[in-house]
Amino acid sequence: MSNVIEIKAMSQEQAITRALKIMEATPEQVKSVVEKQKSRSFLGLFTKDGIYEIEIDKSLKAEVKKEVKKTEIKVEKEIAKEIETKKKRDIEVKSEVKVNKKERKDATDMIKAKAEELLENIGLVLDVEIDRINDRNYLVNLYGEDNGIIIGKKGKTLNSFEYLLNTLMKEYRIEVDVEGFKAKRTETLKELGKKMAEKALKTTRPVRLNPMPPRERKIIHEVINKYPELDTYSEGRDPKRYIVIKRKK
């Protein structure tokens with residue numbers, strides 16, 4: 001539903017700012033701005049505000065959020081479908097890889113090609129860069145207009161994509177990142193670990209966390225290990241393996 005409000009101001013920007021404050025709205029919800037009367041000034045001494053008619057639609061932001069959510073759900077379903085297809089095929093790759101320059105280049109090309117193929121299958125527009133960390137460990141960097149979608153809520157979609165890529169390229173260990181997201185996620189996980197540790201200390205019952213990939217579980221384990229009264233262990237199978245924190249007996 002749209003609301004129209006008239007604002008007196010010396011400029012359009014000033015009028016919009018005032019309207020947003022009055023209507024408790026955000027810039028994305030401004031539908032239109034009409035200048036009904038120009039502001040006037042004489043030698044900088046005598047000024048008269050202009051009049052602006054501003055239309056605000058508070059449903060706009062909600063609609064944008066709804067579309068993003070629908071896209072994220074669609075991507076999650078596509079990734080889940082790819083994982084299920086991989087399990088049904090039960091492809092076993094058994095080969096010894098000699099580490100030399102040519103084969104490292106071949107591995108880089110294969111990983112890049114597979115990542116690009118998966119992105120195309122799930123309908124995302126992202127560029128792919130591959131960095132070799134050591135031996136059979138590789139980092140896949142993604143960047144582009146669909147960054148937010150491939151990351152998903154708390155990195156869930158990114159973790160699913162990483163898991164799928166690793167199941168398809170079993171002879172390598174592949175980490176997937178999106179413009180430094182995992183560095184920020186690491187700090188968030190450390191804070192989560194401390195918070196859950198405090199919770200476990202205050203109760204006699206075990207504390208169970210949401211499922212996480214191996215890299216994220218390792219961060220939580222490292223944080224909890226700093227608490228001598230607590231112990232941690234993992235339960236379940238990837239990609240639904242989760243951490244349990246409890247007091248030591």
Donor-acceptor list for residues 213-226 side chains, cut-off 3.5 Å, not counting sequence neighbours:
unit_1: Arg215; atom_1: NH1; unit_2: Thr186; atom_2: OG1; d: 3.3
unit_1: Glu216; atom_1: OE1; unit_2: Arg185; atom_2: NH2; d: 3.4
unit_1: Glu216; atom_1: OE2; unit_2: Arg185; atom_2: NE; d: 3.2
unit_1: Arg217; atom_1: NH1; unit_2: Met212; atom_2: O; d: 2.6
unit_1: Arg217; atom_1: NH1; unit_2: Asp238; atom_2: OD1; d: 3.0
unit_1: Lys218; atom_1: NZ; unit_2: Glu222; atom_2: OE2; d: 2.6
unit_1: His221; atom_1: ND1; unit_2: Thr232; atom_2: OG1; d: 2.7
unit_1: His221; atom_1: NE2; unit_2: Ser234; atom_2: OG; d: 3.3
unit_1: Asn225; atom_1: ND2; unit_2: His221; atom_2: O; d: 3.2

Pairs under 3.5 angstrom only: tabulate donor-acceptor contacts from the side chains of residues 7-18 to other protein residues two or more places apart or in another chain.
unit_1: Ser11; atom_1: OG; unit_2: Gln14; atom_2: N; d: 3.2
unit_1: Gln14; atom_1: OE1; unit_2: Met10; atom_2: N; d: 3.0
unit_1: Gln14; atom_1: OE1; unit_2: Arg18; atom_2: NH2; d: 3.3
unit_1: Thr17; atom_1: OG1; unit_2: Glu13; atom_2: O; d: 3.0
unit_1: Arg18; atom_1: NH1; unit_2: Lys8; atom_2: O; d: 2.4

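Cluster partners of Ile133, by chain and number: Leu139. The rule joins Ile, Leu, Val, Met, Phe, Trp and Tyr whenever side-chain heavy atoms lie under 4.5 Å apart. Clustering of Ile, Leu, Val, Met, Phe, Trp and Tyr by side-chain heavy atoms under 4.5 Å joins Tyr242 with Tyr233, Val244. Taking Ile, Leu, Val, Met, Phe, Trp and Tyr as hydrophobic and joining them when side-chain heavy atoms fall under 4.5 Å apart, one finds Val125 isolated, its cluster having no other members.
Note on Ile151 and Ile174: same hydrophobic cluster, where clusters join Ile, Leu, Val, Met, Phe, Trp and Tyr whose side-chain heavy atoms are under 4.5 Å apart, directly or indirectly. Hydrophobic cluster membership is shared by Tyr163 and Val128, with clusters built from Ile, Leu, Val, Met, Phe, Trp and Tyr side chains linked at under 4.5 angstrom. Under the 4.5 Å side-chain heavy-atom criterion for ILVMFWY residues, no single connected hydrophobic cluster contains both Leu192 and Phe181. Note: the hydrophobic cluster containing Leu20 also contains Ile22 (ILVMFWY, side chain heavy atoms under 4.5 Å, direct or indirect links). With hydrophobic clusters built from ILVMFWY side chains whose heavy atoms lie under 4.5 angstrom apart, Met196 shares a cluster with Leu230.
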Check against side-chain contact (heavy atoms from CB on, under 4.5 Å), Asn121 and Glu78: CA-CA 8 Å; Asn121 287 343; Glu78 289 296 330; over 6 Å; no
Stepwise side-chain contact (heavy atoms from CB on, under 4.5 Å) test for Thr108 and Tyr138: CA-CA 8 Å; Thr108 299; Tyr138 289 82; 3.6 Å; yes
Arg241 vs Glu235, salt bridge (Lys or Arg N to Asp or Glu O under 4.0 Å): CA-CA, chis, key distance, verdict: CA-CA 6 Å; Arg241 196 164 172 79; Glu235 289 188 344; over 6 Å; no
side-chain contact (heavy atoms from CB on, under 4.5 Å) assessment of Tyr227 paired with Ile245: CA-CA 11 Å; Tyr227 294 80; Ile245 306 170; over 6 Å; no
Verdict with reasoning, Leu142 to Leu119, per side-chain contact (heavy atoms from CB on, under 4.5 Å): CA-CA 10 Å; Leu142 305 177; Leu119 290 169; 4.0 Å; yes
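Separating the CD1 atom in Ile111 from the OH atom in Tyr172 is a distance of 6.0 Å, to the nearest 0.5 Å. The line from CD of Glu129 to CG of Asp177 is 12.0 Å long, rounded to the nearest 0.5 Å. From Ile54, atom CD1 reaches atom NZ of Lys31 across 15.0 Å, with rounding to the nearest 0.5 Å. Rounding to the nearest 0.5 angstrom, the gap separating the CG atom in Leu124 from the CG atom in Leu118 is 10.5 Å. Here the CD-CG distance, from Glu229 to Leu201, works out to 5.5 Å after rounding to the nearest 0.5 Å.
Of the charged side-chain nitrogens involved, none lies within less than 4.0 Å of a carboxylate oxygen, so that Glu171 and Arg136 do not count as a salt-bridged pair. The existence of a salt bridge linking Arg173 and Glu162 is excluded, since no basic side-chain nitrogen approaches an acidic carboxylate oxygen closer than 4.0 Å.
Looking at heavy atoms from C-beta onward, Ile5 lies in side-chain contact with Met23 at the 4.5 angstrom threshold.
The backbone N or O of Asp106 lies less than 3.5 Å from no partner atom in the side chain of Asp109, so there is not a single donor-acceptor pair. Judged by distance alone, with hydrogens and angles left aside, the side-chain atoms of Thr157 form no donor-acceptor pair with the main-chain N or O of Lys153 at under 3.5 Å. Proximity of a side-chain donor or acceptor of Lys182 to a complementary backbone N or O of Val176 within less than 3.5 Å is detected. A donor-acceptor pair under 3.5 Å is formed between the side chain of Thr167 and the backbone N or O of Leu164. Asp231 contributes no side-chain N or O that, together with a main-chain N or O of Lys246, makes up a donor-acceptor pair within less than 3.5 Å. Thr188 contributes a side-chain N or O that, together with a main-chain N or O of Lys184, makes up a donor-acceptor pair within less than 3.5 Å.
Counting non-hydrogen atoms of neighbouring residues, nucleotides and ligands closer than 6.0 angstrom, the CD atom of Glu198 exceeds 12 such neighbours.
Closest heavy-atom contact between Ala115 and Phe161: O-CZ, 3.9 Å. The two residues Ala19 and Ile56 have their closest heavy-atom pair at O-CD1, 4.0 Å.
There is no side-chain donor-acceptor pair under 3.5 Å between Tyr52 and Gln37.
Shown here are the salt bridge (charged side-chain N to carboxylate O under 4.0 Å, His left out) partners of Glu117, two or more places apart in sequence or in another chain: Lys114.
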